[in-house]
Undergrad: 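Below are the structure tokens for one structure; questions will follow.
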Amino acid sequence: MMNRMAFIKFRGNFTTNSSFHLHSETPFSSFHLALHSDVSSNRSMLHKITNLNDALNLFDEMSQRCPLPSVVHFTQLLTAVTKIKHFSTSLHLFNQMCSLGVPVNEFSMSIAIKCCCQLYRTKDGFALLGCCFRRAIPPNVYIYSALLDGLVLEDKILEAEMLFKKLVKQKLCEPNVVMYNTMIKGLCKFSNNVTAVALLRLMEQKNCKPSIVTYSTIIDSLCKDKLIDDAFKLFKEMVFEKGILPNVITYTSLIRGLCNLGHWDEASKLLIEMEDEKISPDVQTFNVLVDAFCKEGKIEEAEAVINIMIERGEVPNIVTYSSLIDGYCLRGEMIKAREIFDSMTLRGLVPNVVTYSSLLNGYCKNLNIEKAEQMFREMSGKGLKPDVVTYNTMIQGFFQVGRCVDAHKLFDEMYAQGQIPNECTYRIVLEGLCKNRQVEEALSLFHLVGDSKLNSDIAMYNILINGAGKYGKVDIAKNLFHDLIDKGLQPDVHTYTVMISGFCREGVLAEARSLFLKMEESGCPPNNVTYSVFLQGCLKNKHYDDVEMLLQEMDDRGYSLDASTLSLFIDHIAAGLLDRSMLKLFGKLVPKELLNDPSLCDWE
DNA sequence: GTAGGGTTAG
């Protein structure tokens, strides 16, 4: 049985908040070479450091010793503080060390740089790199890797690539496996799997052996992009060609990939395989299963997994319960969802922004906006700052119940609170305005924002065209359609479908028909939704010429009729408007589930 | 007797 690493919880509120500065005047004394006599006790204390106070007390005690402990000991302390992720404290202590006159070397420097970078202050990290040069501390691969990691963390992938290439070209340092892994992680973050694999090949070429981390990073990324076959190809290469044994992380990524694709059997096979290999699933592995079951609405299975997990000595965490809350919300069982939420506190788990937003989302989706507002206030009361997702959820909730003014207010508040609206926000607002018959408002917002990314997103056009078409503003829809073509955007199957839907609603079947025919030649063939929309348009407008041909085409393409189109057909046949000979075609076009639908049984 | 890398939730 493998020993589980204890997860250390960080709940301290301690932040130094002081911006970093290295006093260039600080004399770096070289007179502290003497090791303190009590080295071993110092080391044993360091092992025990799991909270900030211990670290700060030790630092205090160390800085009062005479002579001062060596830079090695101070570095050990910095490492301990950094390991518990108190980066700003670690940085503060580094500053103190400098003030005390402890000489800085590449070890302490790399920690300080790492801390800057992890605090999203990579710029300060580079400032410290400048200090390295001035202090004649030669930057090494540790320092450059920390900086590269910072750029990746801040999504500055181009700068990361530039730095990496510069280091290689100018031979500033020889990348090692960690540095390659960091660069690969960055590429994977942007789904650039092809380049990531290319870099893996380059490592091999340069005799830098890829590690389990290298393979796991790329495998995980492939899984996230649903490229499960490629992921397994790489997995097999790792195991059979490189002789690298997979670990719990590798297996968890693959299991998640399989679950997300609904390949349950294969996921369970892999779970058995890892057990055979004596690798125990951990909390995260179990959470993947819980989450996958919950997303499918299979709460009973999810709860069974949680029970197994508890039997195995794993403790469900905030992620486990958040998934469960989502599952209950999805099924509309809000009382159960709330119960789970409350039980978390009893288990000593503190709900965070994600947990609150989950429940809030559940209330919104189940149209209990008052309860959602209550959650929104409650979280602020608990000192949790609503983030973009929370605001998006709440705004969508307001629009859903027609409270446009409140949605608008919240949109403004979001700005005021420093939460920058994202693409999702705009989608929600445009859709919300359209659904509440404020197409012109949506349109003016769309033009007002003037965000080039937003304004050249076909999905945004689809929302507006759909909104315009639905409420009898076909002219606006037509203008938008021309507008996007002029911009060089490619209409997709949704664009065509919403346009056709708009034309049908207006009764301009000729225009609908010509657009429908244009789809095929534009290399964007209609899907079954397009067929349904157009067929319904034909029926409602008593335009029966194309109907049989359309049904035949659907059959040829292997599409089937949805319930609403089918029932419209039945009405038309019952009213004697359509030839009964078409019934034959339905036999092929109606999915089996619908044939068993009692409401549709009286059509013969 | 000092520093770095990979997996979870809305």
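To find a chain, count down the sequence lines: A is the first, B the second, and so on, and within it residues start at 1.
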Undergrad: Decide yes or no, distance alone: a donor-acceptor N/O pair under 3.5 angstrom between the base of B:dT2 and the side-chain of A:T75.
TA: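 Yes, a donor-acceptor pair under 3.5 Å.
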
Undergrad: Backbone N or O of A:E237 within a donor-acceptor pair of the A:K242 side chain at under 3.5 Å?
TA: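 Side chain of A:K242 to backbone of A:E237, a donor-acceptor pair under 3.5 Å: no, none is there.
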
Undergrad: Look at the side-chain N and O atoms of A:T79 and state whether any lies under 4.0 Å from the OP1 or OP2 oxygen of B:dA3.
TA: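 The answer is yes; a side-chain N or O of A:T79 sits under 4.0 Å from OP1 or OP2.
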
Undergrad: Which of these nucleotides, B:dG4, B:dT8, B:dG10, is closest to any side-chain atom of A:K114?
TA: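 Taking heavy atoms from C-beta onward, the closest nucleotide is B:dG4.
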
Undergrad: Rounded to whole angstroms, how far apart are CE on A:M62 and C1' on B:dT2?
TA: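 For the pair A:M62 CE and B:dT2 C1', the rounded distance is 11 Å.
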
Undergrad: Is the positively charged end of A:K269 above the ring of A:W264, judged by distance under 6.0 angstrom from the centroid and angle within 45° of the axis?
TA: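 No, A:K269 does not sit over the ring of A:W264.
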
Undergrad: A:K295 side chain N/O closer than 4.0 Å to the phosphate oxygens (OP1, OP2) of B:dG10?
TA: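 So the side-chain polar atoms of A:K295 do come within 4.0 Å of the phosphate oxygens OP1 or OP2 of B:dG10, strictly under.
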
Undergrad: Rounded to the nearest Å, what distance is computed from the CZ atom of residue A:R256 to the P atom of nucleotide B:dT7?
TA: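 After rounding, the gap between these two atoms is 9 Å.
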
Undergrad: Is the distance between the ring centroids of A:F411 and A:Y391 under 6.0 Å?
TA: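 No.
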
Undergrad: Measure CG/A:L128 against P/B:dG4 and give the value in whole Å, please.
TA: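 One finds 16 Å between P of B:dG4 and CG of A:L128, rounded.
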
Undergrad: Can a donor-acceptor pair under 3.5 Å be found between the side-chain atoms of A:T214 and the base atoms of B:dG6?
TA: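 Counting by modelled atom types and ignoring angles, no donor-acceptor contact under 3.5 Å is found here.
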
Undergrad: Look at all strands and tell whether A:V290 reaches a base, only sugar-phosphate, or nothing, counting heavy atoms closer than 4.0 Å.
TA: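 Nothing, no heavy atom under 4.0 Å.
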
Undergrad: What is the distance, to the nearest angstrom, from the CG atom on A:D220 to the P atom on B:dT7?
TA: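 Interatomic distance, CG of A:D220 to P of B:dT7: 6 Å.
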
Undergrad: Is any NZ, NE, NH1 or NH2 atom of the basic residue among A:E314 and A:R312 found under 4.0 Å from an Asp or Glu carboxylate oxygen of the other?
TA: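 Looking at A:E314 and A:R312, the cut-off is not met.
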
Undergrad: What residue among A:T390, A:T393, A:D326 forms side-chain hydrogen bond (donor to acceptor under 3.5 Å, both in side chains) with A:S358?
TA: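 In the set A:T390, A:T393, A:D326, the residue that makes a side-chain hydrogen bond (donor to acceptor under 3.5 Å, both in side chains) with A:S358 is A:D326.
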
Undergrad: What is the distance, rounded to the nearest whole Å, between atom NZ of A:K365 and atom P of B:dG10?
TA: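 Taking NZ of A:K365 and P of B:dG10, I get 12 Å after rounding.
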
Undergrad: Expressed as a whole number of angstroms, how long is the span from A:I111:CD1 to B:dT2:C1'?
TA: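 From A:I111 CD1 to B:dT2 C1': 7 Å.
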
Undergrad: Checking contacts here: which listed nucleotide (B:dA3, B:dT8, B:dG6) is nearest the side-chain heavy atoms of A:N140?
TA: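 Within the option list, the nearest is B:dA3.
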
Undergrad: Touch check for A:T217, heavy atoms < 4.0 angstrom, all strands: base, sugar-phosphate only, or nothing?
TA: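 Contact class for A:T217: sugar-phosphate only.
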
Undergrad: Return yes if the base of B:dA9 and the side-chain atoms of A:S323 contain a donor-acceptor N/O pair under 3.5 Å, otherwise no.
TA: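 Checked by distance alone, the answer is no.
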
Undergrad: Think A:K185 has a side-chain N or O under 4.0 angstrom from the OP1 or OP2 of B:dT7?
TA: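 Negative; the distance criterion is not met.
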
Undergrad: Just compare B:dG6, B:dA3, B:dT2 and give me whichever is closest to any side-chain atom of A:V72.
TA: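 Nearest nucleotide to the side chain: B:dT2.
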
Undergrad: Looking at B:dG6, does its base get a donor-acceptor pair with the side chain of A:S216 below 3.5 Å?
TA: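 Side chain to base: pair present.
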
Undergrad: Salt-bridged, A:D220 to A:R256, with N to O below 4.0 Å?
TA: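 Yes.
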
Undergrad: Which nucleotide sits closest to the side chain of A:T250: B:dG4, B:dT7, B:dG6?
TA: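 Looking only at heavy atoms from C-beta outward on A:T250, the closest nucleotide is B:dG6.
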
Undergrad: Quick check: any donor-acceptor pair below 3.5 Å linking the side-chain of A:Q76 to the base of B:dT2?
TA: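 Answer is no: no donor-acceptor pair is held.
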
Undergrad: Is A:F107 stacked on the base of B:dA3 when the test is centres under 5.5 angstrom and planes under 30 degrees?
TA: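 Not stacked: fails the 5.5 Å / 30° test.
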
Undergrad: Starting at atom NZ of A:K224, determine the distance to atom P of B:dT7, rounded to an integer number of angstrom.
TA: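 After rounding, the gap between these two atoms is 6 Å.
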
Undergrad: Calculate the interatomic distance between A:L222 atom CG and B:dT7 atom P; express it in whole Å.
TA: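 After rounding, the reported distance stands at 14 Å.
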
